[in-house]
Amino acid sequence: MKNWFFICLFCFPILANSQDSVTNNILSTKKFRKGIYSSFKEFRDNSPSTTNEFRVEADSSKFDRYKLLSTTNKKIKNVYGFCDGTYLYLNARTYGQGNYFVRILALGKIIYFEDKRGKKNAFANEMSGVAVMGGAIGGALVGAMAYGFGGRNANENPGWVIYMADETGEPFILDHVTLSSILKEADPQLNQEFKSRKDKNRFNVLVDFMNQFNQKK
């Protein structure tokens, strides 16, 4: 499964091209600006507001998590994410976890990343936030917040997505309800194909349709 997944991700290489062409669009730039994002807008615009030197330290546990530290070894907290010049990272606080960071694995109109710690408590976190966040989240995903979470899906799938058309940069569990909510608004034809699949909540099917959507101009 892992090998299949990363083959799919070659459609959306996360490494920015080494050319010098830089734009204020994280999806089209040829080079990521190194720095710390205080907000989703800064991330989306490839415009980190903090460009002071920092360092990245990998978590010593079995999980693929990272710490963001100042040059004086002070832990940097309460930011949206950062770029080390090569990779993009997201703060787990954006989806109810602690002050650690996860690496974005696929960059496109739908962004994909994983968090095995976040998986464990995902169902409780998402349900507890419905009343607070529902009014502020973009229309494509409000429906997913309202009825799309079940303990089985949350516990089996560590995958999370961010829909770039939304204004908040809120992450959501990658399941059939979340993906269908996006496709229903942005690509009704692809959504019909997706909904017709009896195995639409299988991990490989979710990633396949996410990739199809991201490939379209």
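Just so you know, these numbers come straight off a predicted model, no measurement behind them. These values consider heavy atoms only, across backbone and side chains, with no hydrogens, waters or symmetry-generated copies.
- The side-chain heavy atoms of L183 and F213, taken from C-beta on, include a pair separated by under 4.5 Å.
- At distances below 3.5 Å, at least one donor-acceptor pair connects side-chain atoms of S70 with backbone N or O atoms of T72.
- The 12-atom threshold is not exceeded at NZ of K198, counting heavy atoms of other residues, nucleotides or ligands nearer than 6.0 Å.
- With a 4.5 Å cut-off on side-chain heavy atoms, V79 and T50 do not count as touching.
- Taken from CG in D199 to NE2 in H176, the straight-line distance is 12.0 Å, to the nearest 0.5 Å.
- Summarising the local packing, NZ of K184 is surrounded by 12 or fewer heavy atoms from other residues, nucleotides or ligands at distances under 6.0 Å.
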Item to check | Stepwise ring-ring contact (aromatic ring centres under 6.0 Å, His included) test for Y66 and Y89 | outcome: CA-CA 9 Å; Y66 301 85; Y89 300 79; 5.2 Å; yes

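- Inspection of the Y112 and N214 side chains reveals no N or O donor paired with an N or O acceptor under 3.5 Å.
- Side chains of D208 and Q212: a donor-acceptor N/O pair is present below 3.5 angstrom, by distance only.
- When atom types are taken as modelled, the side chain of N46 and the backbone of K31 share a donor-acceptor pair closer than 3.5 angstrom.
- Residues D187 and K216 form a side-chain contact, since some pair of their non-hydrogen atoms from C-beta on lies under 4.5 Å apart.
- Between R55 and E57, at least one side-chain nitrogen of the basic residue sits less than 4.0 Å from a carboxylate oxygen of the acidic one, meeting the salt-bridge criterion.
- Residues F101 and V56 form no side-chain contact, since every pair of their non-hydrogen atoms from C-beta on lies 4.5 Å or further apart.
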Checklist entry - Between F194 and F209, is a ring-ring contact (aromatic ring centres under 6.0 Å, His included) present by the stated rule, with each step listed? => result CA-CA 7 Å; F194 176 65; F209 276 87; 5.2 Å; yes

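- We find that R65 and E114 are not joined by a salt bridge, their nearest charged nitrogen and carboxylate oxygen being 4.0 Å or further apart.
- Checked against the 6.0 Å centroid criterion, the rings of Y95 and W160 qualify as a close aromatic pair.
- Counting only residues at least two apart or in different chains, salt bridge (Lys or Arg N to Asp or Glu O under 4.0 Å) contacts with residues 34-43 comprise K34-E53, K41-D45.
- In this structure, S47 and R33 have side chains that are in contact, with non-hydrogen atoms separated by less than 4.5 Å.
- Between L90 and P171, the shortest heavy-atom contact is CD2-CG, 4.2 Å.
- Using modelled atom types, one side-chain atom of S196 and one backbone atom of E193 make a donor-acceptor pair closer than 3.5 Å.
- Closest approach of S49 and S38 over heavy atoms only: OG-OG, 3.6 Å.
- In this structure, the side-chain contact (heavy atoms from CB on, under 4.5 Å) partners of S28, at least two apart in sequence or on a different chain, are T23, N25.
- Note on L69 and V102: separate hydrophobic clusters, where clusters join Ile, Leu, Val, Met, Phe, Trp and Tyr whose side-chain heavy atoms are under 4.5 Å apart, directly or indirectly.
- Counting heavy atoms from C-beta outward, L88 and F82 have side chains that stay 4.5 Å or more apart.
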Next on the checklist: Before you tell me yes or no, could you show the steps for N91 and Y37 under side-chain hydrogen bond (donor to acceptor under 3.5 Å, both in side chains), namely the whole-Å CA-CA distance, both residues' side-chain angles and the distance that decides it to 0.1 Å?
Outcome noted: CA-CA 10 Å; N91 193 332; Y37 313 112; over 6 Å; no

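- The number of heavy atoms from other shown groups lying within 6.0 Å of NZ (K67) does not exceed 12.
- Contact annotation: the side chain of I104 approaches that of F43 to within less than 4.5 Å [non-hydrogen atoms, C-beta and beyond].
- Applying the side chain to side chain donor-acceptor pair (under 3.5 Å) rule to S39 yields no partners; only residues at least two apart in sequence or on another chain are considered.
- The main-chain N or O of Q215 is never found under 3.5 Å from a side-chain atom of K109 such that the two would form a donor-acceptor pair.
- No donor-acceptor distance shorter than 3.5 angstrom exists from the side chain of T178 to the backbone of L174, with no hydrogens or angles considered.
- Looking at N78 and R93, their side chains come closer than 4.5 Å, going by heavy atoms from C-beta outward.
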